[in-house]
Number of protein chains: 2
Amino acid sequence: MRYDTEHKQRTHEKVVQEAANAIRQHGPDKIGIASLMSKLGLTHGGFYAHFNSKDDLVAEAISHMFEDRMEAFRKCLAGAEPAEGLASYIDLYLSIRHRDRRDKGCPVASLASDIARMPLVARKRFEVGIQHLTDAFTDVLKILDKPQPEILAASVVAEMVGAMTIARAITNSDLSERILDTARRNVKERVGLANT
Amino acid sequence: MRYDTEHKQRTHEKVVQEAANAIRQHGPDKIGIASLMSKLGLTHGGFYAHFNSKDDLVAEAISHMFEDRMEAFRKCLAGAEPAEGLASYIDLYLSIRHRDRRDKGCPVASLASDIARMPLVARKRFEVGIQHLTDAFTDVLKILDKPQPEILAASVVAEMVGAMTIARAITNSDLSERILDTARRNVKERVGLANT
DNA sequence: ATAATTATATGATACCGATCATGCTAAAGC
DNA sequence: GCTTTAGCATGATCGGTATCATATAATTAT
């Protein structure tokens with residue numbers, strides 16, 4: 001039925017977006033092509049007009065997730081002092097909302113243990129994404145004149161990812177919140193930010 | 001064929017052990033009952049004489065993993081000064097060997113993102129296990145007279161888990177090792193241990 | 001020796017997933 | 001108005017999985 005020229009491109013984008021959310025929520029193995037397409041009002045058959053395989057889709061989706069994240073990071077920094085911007089990103093990352101919304105959050109935390117089991121195409125996208133994010137973090141620490149900004153960034157990013165992983169594992173809500181709270185204070189102190 | 005009285009118990013144990021390794025290596029969804037049993041020279045049918053369901057097995061396997069870990073922790077502390085013992089556990093955790101042997105390593109790092117998607121029975125086992133491990137960590141920090149040992153323990157455990165997660169995600173071996181190295185130095189410094 | 005029992009094996013069922021060959025439909029181009 | 005075509009739908013295949021009913025063989029109890 002001859003849609004306009006960009007129709008297919010838009011559909012493609014929507015599939016990737018939906019996949020990015022579903023993969024973070026349920027893991028790369030538990031999302032079926034059929035259920036994914038049906039969420040967009042489409043059927044499973046058309047899928048292979050857009051992607052060569054499911055692995056292809058997963059790889060694209062991963063890049064999409066990291067783009068989302070970089071945008072969130074930039075949004076925190078925009079229109080604020082670097083220190084304040086960094087603090088707001090830390091608060092955002094270690095928030096209850098982020099804990100409870102895996103589908104929209106950091107792919108490293110959402111897919112931590114899946115990465116190592118993924119096909120190489122997907123792993124490469126991950127590697128690039130992680131690098132970009134820690135580099136961005138490092139840049140801000142440089143502006144703040146922290147010594148050894150790369151090392152501090154690596155350490156702090158690790159703590160943030162680990163704390164979110166553990167907070168999501170804990171079913172006891174109070175305990176889980178305490179872990180996030182602790183991490184928030186720790187991380188901010190370690191990067192030399194006042195605790196709010 | 002009427003084996004001796006403990007035969008079934010031993011088989012049960014072996015299944016759990018094998019499952020604990022396979023689950024850490026490949027994730028809870030990618031281990032089939034059939035392939036698991038065949039690794040022990042058995043077939044898939046007998047499985048349900050030992051477990052009510054796969055979920056049951058997974059839950060048992062998780063507890064088994066944490067018991068393994070507690071033993072590793074105790075082994076590091078045994079026959080050494082608390083400070084030295086702690087340092088050796090940190091070195092062990094953030095080692096290349098641990099990175100490359102997910103099947104025998106820390107379940108939190110191996111199954112990070114799987115936990116949140118697991119059935120409640122499994123999540124409860126996880127919760128208990130994490131609590132025990134951080135408590136054990138806290139105890140050592142108390143002996144070392146660290147201020148706020150609980151908070152420091154939570155922070156340091158989070159960094160260790162996060163660093164291992166990221167190190168495993170990175171395919172570039174040099175970069176991955178650098179991340180582990182950085183984390184080792186950071187963590188030891190933060191708990192007041194000399195860097196070796 | 002025979003019967004009962006126990007750990008495991010065999011085989012079947014039912015379901016779900018990725019992938020692919022082919023069909024349909026409506027607009028584009030003539 | 002007819003043909004072509006792009007985007008998607010239908011329907012089938014194939015492989016994998018958990019689960020369960022039933023069979024088998026080796027012991028032990030009688």
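Since we're looking at a predicted model, the values are computed, not measured. Every chain is numbered from 1, with letters handed out A, B, ... down the list of sequences.
- Under 4.0 Å is where a charged nitrogen must lie from a carboxylate oxygen, and between B:Lys8 and B:Glu13 no such pair does.
- Remark: A:Tyr48 is not in phosphate contact with C:dC20, judged by side-chain N or O atoms under 4.0 Å from OP1 or OP2.
- Of all nucleotides listed (D:dA18, C:dA18, C:dA9), C:dA9 comes nearest to the side chain of B:Thr43.
- The neighbour count for A:His12 NE2, taken as heavy atoms of other residues, nucleotides or ligands under 6.0 Å away, is above 12.
- The separation between B:His50 atom NE2 and D:dC20 atom P is 16 Å, rounded to whole Å.
- With a 4.5 Å cut-off on side-chain heavy atoms, B:Lys124 and B:Ser63 do not count as touching.
- In this structure, B:Glu177 places its CD atom where more than 12 heavy-atom neighbours from other residues, nucleotides or ligands lie under 6.0 Å away.
- Atom CD1 of A:Ile33 is separated from atom C1' of C:dC20 by 13 Å (rounded to the nearest Å).
- B:Gly45 comes within contact range of at least one nucleobase, with a heavy-atom separation under 4.0 Å.
- Using a 4.0 Å heavy-atom distance criterion, A:Ala49 is classed as making no nucleic acid contact.
- In this structure, the CG atom of A:Asp55 is 10 Å from the P atom of C:dA18, given to the nearest Å.
- OP1 or OP2 of D:dC8 lies within a sub-4.0 Å distance of a side-chain N or O belonging to A:Thr11.
- Between B:Arg24 and B:Asp68, the closest side-chain pair of non-hydrogen atoms falls below 4.5 Å.
- For A:Lys54 and D:dC14, the NZ to P distance is 21 Å, given to the nearest whole Å.
- As judged by a 4.0 angstrom heavy-atom cut-off over every strand, A:Ile31 is placed among residues touching the sugar-phosphate backbone only.
- Computed from coordinates, the B:Phe47 CZ to C:dT10 P distance equals 18 Å when rounded to whole Å.
- Nucleotide D:dA26 holds its C1' atom 16 Å from the NZ atom of B:Lys8, rounded to whole Å.
- In this entry the distance linking NE2 of A:His44 with P of D:dC8 reads 15 Å, nearest Å.
- Look at CZ on B:Phe51: it is 11 Å from P on C:dT8, rounded to the nearest Å.
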